[in-house]
Amino acid sequence: MYLNRYEEAMLRGDYGDAIARAMQVIVRVGDVLKADKLIEIETAHIAGASYLTIGDPGLEYLEDLAKSNVKFRVFTTVNPVGIDVLNDWGMDREFISRQWRIINALRSMGASLWLTCTPYEYLRIRPRTYHAWAESNAVAYINAVHDAWTEKLPGPFVVLSALVGRVPRYGLYTLNGRVPTHVVRINGGQVINNPLIAGLLGRKIAEEVGDGKPYLVARFNGNAVIKQLLASYATYSPHAFMVIDGLTPNYREYFSMIDKPEEIDIDINDIIRNTGVKGQDFDAVFLGCPHYGVDEIMTVINYVRGRGFKRAKKPIYIATTPFVINSLNQSIINMLRDSNIHLVLTTCPVVSPFLKSVGVNTVATESVKQMYYLPKMVGINYISCNGIECLDMAFNE
Ligand code: F3S
């Protein structure tokens, strides 16, 4: 694999042992993947920073790295961690303290501690720029919505990529690696405007396309719906890559490059028919996978206003970001809390014990990604609900 002089110097150890070791891994992986060269990335997004998932080995690895005084060479953000940095939700003190050690190690290496899985909502990401991102929903989002280029990378590999500011050029980092293989058309005509249906559609596309790359012909109403489509699709797809007709920048170019595609028709009405609430009992509603942005929180605020600021009978937990909290007046946050709606910051139920800490064993959720991970990762059961219906269930229970 070709290396320029700066990359050779990093590999030789001119910039310290930690950088040399990081380069050794990047180059080795690049050789295995038959990459022809390294490419410069603009941003990195680290996932796998929860103490629940990486435990003491991950904590010690990151602390050792931080002690070597090494710094990230590119703008680097971090996925949700195991704790809400503003509220302990009754979680174990030792867990919280070890999580803070991970956060502090990443901070000292220069990470921006957004602690969200939706960094794309706060960055101006330009088409055809290179990134090293690990969170699958975010990978799918910037590929499909911005035509920004990243593979779905493992979390530890992103840490090393951020240290040297490089990734090997292979797969989705090449135009040939991004050519769709399947044209997926949605029958039924209607614009998809429902988060649960979008999520189920994402799973269906991943199941139909398998190892291929879809060119999706469908119409969606709003960013919240596209987030659910891509989060679910990325959960089930090995690539977390699709082109969406009329939405992905350069979609015409991608379409023109497709050679003998497999054609798949999906009847959206089949999906809609299967979206009734499954099961009955639930302890709380969970929303915010991927993290809710301001628009999605506004929908909830308007709903509560429509309900005359009554209190929900079951608690509603919504995962969101520091940006959203900072943009809301405290009186709005208090009003939501009085309505039994709780904003949860910087974390996610599948990498945190917080739902169990507040006594929740079964949630109602619209997120197909949560449905996949909650039972496996934290032993929480789910029932599915459908957009506004999730709020209705909590208020009408
Ligand atoms: Fe984000 Fe967790 Fe969902 S990281 S995409 S809220 S599973």
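First listed ligand is number 1; within each ligand, the first listed atom is number 1.
- Not less than 2.5 angstrom separates the SG atom of C289 from that of C117.
- Annotation for ligand 1: atoms under 4.0 Å from non-hydrogen atoms of N137 are 5 (S).
- When each of I266, I186, I264 is checked for a side-chain contact (heavy atoms from CB on, under 4.5 Å) with K204, only I266 meets the rule.
- Listed by atom number, the atoms of ligand 1 under 4.0 Å from E135 heavy atoms are 4 (S), 5 (S).
- Within ligand 1, the atoms closer than 4.0 Å to a non-hydrogen atom of V350 are 7 (S), numbered from 1 in the order shown.
- No more than 12 heavy atoms of other residues, nucleotides or ligands lie within 6.0 Å of CZ in R252, so this atom counts as exposed by the packing criterion.
- Among protein heavy atoms, atom 2 (Fe) of ligand 1 sits closest to C348 SG, 2.3 Å.
- Here C289 reaches atom 3 (Fe) of ligand 1: one of its N/O/S atoms is less than 2.8 Å from the metal.
- Atom numbering of ligand 1 starts at 1 in the shown order; those under 4.0 Å from a heavy atom of G288 are 6 (S).
- Open room surrounds NZ on K37; 12 or fewer heavy atoms of other groups in view lie less than 6.0 Å from it.
- Nearest protein heavy-atom neighbour of atom 7 (S) of ligand 1: Q370 NE2, 3.4 Å.
- Nearest to atom 1 (Fe) of ligand 1 among the protein's heavy atoms is C117 SG, 2.3 Å.
- A distance of 10.0 Å separates CE of M91 from CG of L52, quoted to the nearest 0.5 Å.
- Under the 4.0 Å criterion applied to side-chain N and carboxylate O atoms, K314 and D283 are not assigned as salt-bridge partners.
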